[in-house]
Amino acid sequence: MAGQMRIVVTGAAGFLGSHLSDRLLAEGHEVVAVDNLITGHVRNIAHLMGNRAFRFLHHDVTEYIYLDGPVDAVLHFASPASPIDYLQIPIQTLKVGALGTHKALGLSRAKKARFLLASTSEVYGDPLVHPQPESYWGNVNPVGPSGCYDEAKRFAEAMTVAYRNFHGVETRIVRIFNTYGPRMRANDGRIVPSFISQALAGEPLTVFGDGSQTRSFCFVSDLVDGIYRLLLSDQADPCNIGNPSEMTVMQFAETIRRLTGTASTIVHKPLPVDDPRQRRPDITLAKAKLGWEPKVGLEEGLRATIDYFRALRG
Ligand code: NAD
């Protein structure tokens, strides 16, 4: 794959899809953005609307996707991604993972385009192996609160592999670990926007449990770089992209307090059901096959994210 491509990005009005679209346009490609705005927002792509290489289609990808002209790649990012969202819209979440992936694969097949699935570290569930390599099959509760998301993504991976094996579609699967940055929604319930918004409002930071559970955080530009490399590579098997540096939720809360200079205190609430104790990517494969590793340090990434949320508050 080389030269200028025409690339369909589903979920392009969302957090990751919009940053991905920025990068693809910057690389000289054409982007057809498809989104039904269920959890995304046009403000994330408003700056691209005048760009002749960018086109926006307001469309639900669980319905048939019809597009004129050639397509070189389909990047399937449409899916609610935060627990608050997928608990409110579990059926749409299952549908976009299943039917949406099927339609996006169908488009790839019809256009002889390469297909890249945005999968997730949630396919590993509450992992019994730490850190998680791609060879780990996961420990997922299908009927737990995040079953609708985790199983939709596991189904999406299986469907992607079936299209590869049965129809010969060139496929890529990225397993994305916790990523943060500008354009996340302040109230989407994920830890980074939650802590930053609480800190900026001077409200207590809500830590679930005692805060000894660990998380790792990847800045969005690093993630997008890994995904772009994966798209251009010949790596067909799933590939983790994320930041392996791990910290406890308490340490993270303290970092946010320090960087925002807030006087906010910390309050503890009961741990949600099936909250993973630990989550950290093993990125050996991405390093070896894509020559990729994260470059943006946590403080640098958080400062950019805090600036974004400060500007939103006006
Ligand atoms: P997001 O909610 O900001 O973006 C998702 C986008 O998909 C939204 O714009 C939404 O309107 C759109 N969408 C949802 N259902 C649709 C449908 N049926 N038809 C058309 N558009 C639809 O979430 P995000 O954080 O940008 O996540 C993007 C993708 O990356 C998702 O597939 C998610 O599962 C995956 N992912 C994200 C993370 C992360 O840390 N952000 C981690 C793992 C995986």
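Whatever order the structure lists ligands and atoms in, that order sets their numbers, starting from 1. Heavy atoms only: backbone and side chains are in, while hydrogens, waters and symmetry mates are out. We count residues from 1, following the sequence as given.
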Kindly write out the residues that satisfy salt bridge (charged side-chain N to carboxylate O under 4.0 Å, His left out) with Arg183, not counting sequence neighbours, or none if the list is empty.
-> Asp22
Ligand 1: which residues have a non-hydrogen atom closer than 4.0 Å?
-> Gly11, Ala13, Gly14, Phe15, Leu16, Asp35, Asn36, Leu37, Ile38, Thr39, Gly40, His59, Asp60, Val61, Thr62, Phe77, Ala78, Ser79, Ala81, Val96, Ala118, Ser119, Thr120, Tyr149, Lys153, Ile176, Asn178, Thr179, Arg190
Assess the pair Phe177 and Phe217: is the distance between their ring centroids shorter than 6.0 Å?
-> no
Does His19 have any ring pair (Phe, Tyr, Trp, His ring centres under 6.0 Å) partners at least two apart in sequence or in another chain, and if so, which?
-> Phe15
Is it possible for you to say whether Val161 and Val174 belong to one hydrophobic cluster, with membership spreading through side-chain heavy-atom contacts below 4.5 Å?
-> no
Mind checking ring pair (Phe, Tyr, Trp, His ring centres under 6.0 Å) for Tyr180 and listing every partner two or more places apart, or none if nothing turns up?
-> Phe219
So, are Lys295 and Glu300 salt-bridged, with charged N and O less than 4.0 Å apart?
-> no
